[in-house]
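All residue numbers in this chain count up from 1 along the given sequence.
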Amino acid sequence: MWVLFIVPCPTPDGRTARDLYDTRVERIEDNMRASARDLGCTFHRAWYAADGSAFYAVAHWQTREAAQTFFEQWQISDEPGEVAIILEGDVGLVPLGGA
């Protein structure tokens, strides 16, 4: 299951796209990465728009339940104004894993 997360910025509580990005840089550590892998996350990346208009993340989870378990375990809640979009299909130039 691919999920695209979009947070328009600034958020209603005044945080910028760079603020949201920097929070992840500070918070994501090896134990969190291991937990995500153990629960079936095979891909996760995050970005902020150069113009500051939004924060974006894309994740690939084996199941919705695994993703939910991870979010609960790490006490991760939606950012104000966040939209999560489940993506269907999978076509591209390079497959997951680069093989």
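- The two residues G14 and D19 come nearest to each other via the heavy atoms O-OD2, 4.4 Å.
- The side-chain hydrogen bond (donor to acceptor under 3.5 Å, both in side chains) search around T63 returns none, not counting sequence neighbours.
- For residues 69-80, the set of pairs meeting the salt bridge (charged side-chain N to carboxylate O under 4.0 Å, His left out) definition, not counting sequence neighbours, comprises R15-E79, R24-E79.
- For the pair W74 and S35, the tightest heavy-atom approach, listed with the atom from each and the gap, is NE1-OG, 3.0 Å.
- Note that the OG1 atom of T69 and the CZ atom of R64 stand 14.0 Å from one another [nearest 0.5 Å].
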Margin query: With side-chain contact (heavy atoms from CB on, under 4.5 Å) as the criterion, how do I85 and I6 come out once you've worked through the C-alpha distance, each side chain's angles and the decisive distance to 0.1 Å?
Written below: CA-CA 8 Å; I85 302 167; I6 303 170; 3.9 Å; yes
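- Here salt bridge (charged side-chain N to carboxylate O under 4.0 Å, His left out) pairs that include residues 36-52, with residues two or more places apart or in two chains, number zero.
- Taking each heavy atom of V3 and A84 in turn, the nearest pair found is CG1-CB, 4.1 Å.
- Rounding to the nearest 0.5 Å places CH2 of W47 at 11.0 Å from OH of Y56.
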Checklist line | Stepwise side-chain contact (heavy atoms from CB on, under 4.5 Å) test for L39 and Q73 | finding: CA-CA 11 Å; L39 287 167; Q73 176 183 349; 3.6 Å; yes
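- Taking the six-membered ring for Trp, F70 and W61 have ring centres closer than 6.0 Å.
- Scanning all heavy atoms of the two residues, the minimum distance from A54 to A17 falls at O-CB, 3.3 Å.
- Between F71 and F5, the two ring planes are perpendicular [angle over 60°; tilted spans 30° to 60°].
- Neither side chain, T42 nor Q62, offers a donor N or O lying under 3.5 Å from an acceptor on the other.
- Between L87 and M1 there is no side-chain heavy-atom pair separated by less than 4.5 Å.
- Rounded to the nearest 0.5 Å, atoms CD1 (I86) and CG (L4) are 9.5 Å apart.
- Between R18 and L20 there is no side-chain heavy-atom pair separated by less than 4.5 Å.
- Around atom OH of Y21, no more than 12 heavy atoms belonging to other residues, nucleotides or ligands sit under 6.0 Å away.
- Among all heavy-atom pairs drawn from C9 and T16, the shortest one is SG-C, 3.9 Å.
- Nearest heavy atoms, G81 versus P8: O-CD, 3.4 Å.
- With contacts defined as side-chain heavy-atom distances shorter than 4.5 Å, the pair V58/H44 does not qualify.
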